[in-house]
Amino acid sequence: MVRVRFAPSPTGHLHIGGARTALFNWLFARHHNGKFILRIEDTDRSRSTEEYIESIIEAMKWLGLDWDEGPFRQTERMETYKAYAYKLLEEGKAYRCYCTPEELEERRQQAMKEGKPPRYDRRCREIKETLNKPFAIRFKMPLEGETVVDDLVKGNVTFKNSEIEDLVILRSDGTPTYNFCVVVDDFEMKITHVIRGEDHLNNTPKQIHIYHALGMNPPAFAHIPMILGTDRARLSKRHGATSVLSYRDEGYLSEALVNFLARLGWSYGDQEIFTREELIKYFNLEQVGKANAVFNAEKLLWLNSEYIKLMPEEKLFELVTPFLIKEGYLKESETVDTGWACRAIKSLKERCRTLKELAHAMRYYLLDYVEIEPKAKEKYINAETIPILREITEQLEALEEFTQERIEKIFMDMVNEKGLKLGQVAQPVRVVMTGSTVSPGIYEVLEIVGKEKTLKRLRRVIGAS
RNA sequence: GGUCCCAUCGUCUAGCCAGGUCGAGGACGUAGCCCUCUCAAGGCUAAAACACGGGUUCGAAUCCCGUUGGGACCGCCA
């Protein structure tokens, strides 16, 4: 039985990199009919917050990454780690270190200055007696030999044991450190595959030794490449929006984000668009690449637009409503006819890349009047076009059946009678109706806006001139 | 600085493990054309890459070595 976990630390919102790690784990679990466990690594009490835990959970839910066990919290398991740490101490596999953090920091700076590796010098390792001073517990790494990490993505990676430092496993305040907790937790939670970012690859030999010292078998490891920003540095806040929830708030669909994230570092031939079922069916570690990937925001936007095109109008209406309210195009108490809203959305969906864009475009269907862009106004609403607009207004006023077909006939008749080009009529009307020179087909727009609002807007323009 | 990882179009990538079918395929983006009431969508076309140098081999994007370049880690953070 495959058991994997996603173990974020609640020191920030769930970001793009973390989300992809979570997704790969989730996909791997679902593909193998295994279990996906959520574990909150909150041993850093000073930086972890409840707010971030909630935010991470919200993001996971939004992405549809459901977990089978947890969320477990390391802070609830402090006594367990402590017991294991003291077990190692008693067995002579770890030792008390009386160096203070200040001293260590000083030595580290000194070493850096001298160009030496800034590693702990193991000075407390040989102290036999127990001193009456505050201490941290350090793990005794083997001094010689090699450790091989058999990584499912990277292959065999070999480390010299002499390069691995005696890491602190229990702080002087009695709290355990990350590298120790993961080992204990992954063992106790019976994790079979640890799939995590490549930034943890260098930690792996340390963890392997801890497993062995504790008499445990290490799980399989898979280190997936990093996600980089456009400047090729690891993706961070500097690169703009990196939190998953900010993509939700910007009008991205979770399906699109999931699809995008899946293709960052993993591929299935030439296929770009996958349903969630396909992702589960095809996902494997063999097809995960080794090279880091740059986050390509343009491609995400394209994928999002593809998903918007594929999504039924009813569903889009449901998703776009909060944006409509937020933008003030719709009052919270206001109800709109769903059939009508769907027609409106259908006319716009292939022109919008995000829900936010869709909401914005819908303003000219919902509002009574729209603001007209100055440039468009100057070009299309002037002495030349006013007579045309007046004429079309009269024609439309007389129209009983306010449908696309009838509206089109009015436009065409007028164009034919006056020897005009369609654009000479359509563009001014478009500008009056939508405030811009860009919109869906003008007959469709008029029908959806409806006779009443159409005439209102036209009259205001021709009257004002 | 040390250790570790990585290297195909600007970007995501297929191909690499089992060398020949690769004069390197797809996608995003870019440019042009078609369609057209505008903008999209759609269709067609184009420019665009095997980092470099050595081997091995009849033959290398694919295997080996080196160089260069990029990334990560080196905490009583996770």
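Side-chain atoms are counted along with the backbone in the values below, which use heavy atoms only and exclude waters and symmetry mates. A, B, ... follow the sequence lines: proteins, then strands. Residue 1 opens every chain.
Closest to the side chain of Lys309(A), from the set A41(B), A78(B), U38(B), is A41(B). The side chain of Lys299(A) sits closest to C12(B) out of C39(B), G42(B), C12(B). Which of U11(B), G25(B), C28(B) sits closest to the side chain of Trp302(A) comes down to C28(B).
Distance Asn296(A) CG to U13(B) P: 10 Å, rounded to the nearest Å. Counting to the nearest Å, the P atom of U38(B) and the NZ atom of Lys377(A) are 24 Å from each other. Regarding Lys349(A), its NZ atom lies at a distance of 15 Å from the C1' atom of G42(B), rounded to whole Å. The distance between atom CZ of Arg196(A) and atom C1' of C5(B), rounded to the nearest whole Å, is 14 Å. Rounded to a whole Å, the CE atom of Met414(A) is 13 Å from the C1' atom of C37(B). As rounded to whole Å, 17 Å separates atom P of C12(B) from atom CG of Asn259(A).
For the pair Pro218(A) and Val183(A), the minimum side-chain heavy-atom distance is 4.5 Å or more.
Among the protein residues, Pro440(A) comes within range of the nucleic acid bases, having at least one heavy atom under 4.0 Å from a base atom. Within 4.0 Å of Leu201(A), counting heavy atoms only, lie sugar-phosphate atoms of the nucleic acid but no base atom.
With Tyr252(A) as the partner, the ring-ring contact (aromatic ring centres under 6.0 Å, His included) test is satisfied by one option alone out of Trp302(A), Phe260(A), Tyr247(A): Tyr247(A).
Taking atom P on both C52(B) and A60(B), the two are 15 Å apart, rounded to the nearest angstrom. Taking atom P in both G70(B) and G75(B), one finds a spacing of 24 Å when rounded to whole Å.
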Readout for nucleotides 65-76 of chain B: B = base within 4.0 Å of protein heavy atom, S = sugar-phosphate only, - = neither; 5' to 3' it is -----SSBSBSB
Side chain to side chain donor-acceptor pair (under 3.5 Å) for Ser347(A) and Tyr365(A)? Distances and angles first, verdict last. CA-CA 11 Å; Ser347(A) 76; Tyr365(A) 288 140; 2.7 Å; yes
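A distance of 5.0 Å separates OH in Tyr178(A) from CD in Gln207(A), rounded to the nearest 0.5 Å.
The aromatic ring centroids of Trp26(A) and Phe6(A) lie 6.0 Å or more from each other. Two rings, from Phe24(A) and Phe283(A), have their centers less than 6.0 Å apart.
In terms of polar N and O atoms assigned as donor or acceptor, the side chain of Glu272(A) comes within less than 3.5 Å of the base of G26(B) in a complementary pairing.
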Contacts table for residues 442-449 of chain A: side-chain donor-acceptor under 3.5 angstrom, sequence neighbours left out:
from, atom 1, to, atom 2, distance (Å)
Glu447(A), OE1, Gln404(A), N, 2.7
Glu447(A), OE2, Arg343(A), NH1, 2.6

